[in-house]
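Structure, as structure tokens:
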Amino acid sequence: GFVAKEGYTLVGVDYSQIELRLLAHFSGDKAMVEAFCSDLDIHRQTALKLFGEEHADAKRSVAKSINFGLLYGMGPKKLSDTLGISTKEAKSYIESYFETFPTIKEYLSSIAEFAKKEGYVETLLGRRRYFDFEHANGMQYAMYEREAINTVFQGSAADLIKLSMNKIMQTYVNDDAKLLLQIHDELIFEVKKENALAFAQTIKEVMEHIYTLHVPLRVSVALGKNWGE
């Protein structure tokens, strides 16, 4: 359904594991920061720490579900549904994760506590989202806690991609290269075929150096005649 016009190609550039990199940046967790700084596979490294070398590859998908799930406030019930395991087993995975990465547990708890006390959370660039914990019922209270944590990461990821978009629009967008879409942590451009590869490399550089975190930002690039490619 989405096809580049004649003589042009679509270029997709997206941030790799942006929320987890922000988690490493904000929490300062030593193991996570080291993994990203060494360009290691973060999900395998997590599996390695949770399940040991022998089971690390087989359990990578479990580690991935936990890594991302915690940023969305996922509890044992949701994890058990996602992985098709018992709630008891899912609970033990989450407990084991927090024992392995104590700094992360403390940091995530501190976001929720700050939100309850101050009534808001802030993103990387200081944008605020407010929560009315005072008048919340039980269900809303739990939802606000999850949303407070998630806002810090998704809101900060939004900060980074908007910074990138501003710089790209000012400097690199012209008749030969147009910014078509932003989807979460990805930008899609329509670029003259002969310029596409060089353009993609330039945009990659811009996005990877738009802001300095404690861990490197990484970007992946894809080109195709249509969005499906």
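Residues take their numbers from the sequence shown, with the count starting at 1.
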>> Please enumerate all residues that pass side chain to side chain donor-acceptor pair (under 3.5 Å) together with E205, with sequence neighbours excluded.
In response: none
>> Among residues at least two apart in sequence or on other chains, which ones pass side chain to side chain donor-acceptor pair (under 3.5 Å) with T82?
In response: none
For the residue pair [X] and [Y], establish whether any side-chain heavy-atom pair is separated by less than 4.5 Å.
X    : Y    : answer
F133 : Y141 : yes
L124 : F26  : yes
L70  : F98  : yes
L20  : L71  : yes
T123 : V152 : no
E186 : V13  : no
L187 : M207 : yes
Q17  : H43  : yes

>> Determine whether the aromatic ring centres of residues Y93 and F51 are separated by less than 6.0 angstrom.
In response: yes
Kindly list each side-chain donor-acceptor pair under 3.5 angstrom involving residues 100-107, sequence neighbours excluded, with atom names and distances?
residue : atom : partner : partner atom : Å
T100    : OG1  : S96     : O            : 2.7
T103    : OG1  : D29     : OD1          : 3.3

> Can you check side chain to side chain contact (heavy atoms under 4.5 Å, CB included) on L108 and L23, steps first, answer last?
Replying inline: CA-CA 9 Å; L108 295 178; L23 175 59; 4.2 Å; yes
> Ion pair present between E113 and K117, side-chain N to carboxylate O less than 4.0 angstrom?
Replying inline: no
>> I'd like to know if K116 and E134 make a salt bridge, using a cut-off of under 4.0 Å between side-chain N and carboxylate O.
In response: no
>> Give me the atom names and distance for the closest heavy-atom approach of I161 to D185.
In response: CD1-C, 3.3 Å
> Of the non-hydrogen atoms in P76 and I94, which two are nearest, and what is the gap between them?
Replying inline: N-CD1, 3.7 Å
>> Are F189 and I183 connected into the same hydrophobic cluster when the rule is that any two of I, L, V, M, F, W, Y join if their side-chain heavy atoms are below 4.5 Å apart?
In response: no
> Of all residues at least two apart in sequence or in a different chain, which pass the salt bridge (charged side-chain N to carboxylate O under 4.0 Å, His left out) check with D159?
Replying inline: R127
>> Run the salt bridge (charged side-chain N to carboxylate O under 4.0 Å, His left out) test against E147 and tell me which residues pass, sequence neighbours left out.
In response: R129
> Does the side chain of S164 come under 3.5 Å of the side chain of Y15 through a donor N or O and an acceptor N or O?
Replying inline: yes
>> Could you check whether Y144 and D132, counting side-chain N and O atoms only, form a donor-acceptor pair closer than 3.5 Å?
In response: no
Indicate every side-chain donor-acceptor pair of residues 165-181 with a distance under 3.5 Å to a residue at least two apart or in another chain.
residue : atom : partner : partner atom : Å
T171    : OG1  : K167    : O            : 3.1
N174    : OD1  : D176    : N            : 2.7
N174    : OD1  : A177    : N            : 3.1

> Would you say the side-chain atoms of E208 pair up with the backbone N or O of V219, donor to acceptor, closer than 3.5 Å?
Replying inline: yes
>> As a quick check of understanding, evaluate ring-ring contact (aromatic ring centres under 6.0 Å, His included) for F131 and Y120, giving each step before the final call.
In response: CA-CA 6 Å; F131 296 94; Y120 68 88; 9.6 Å; no
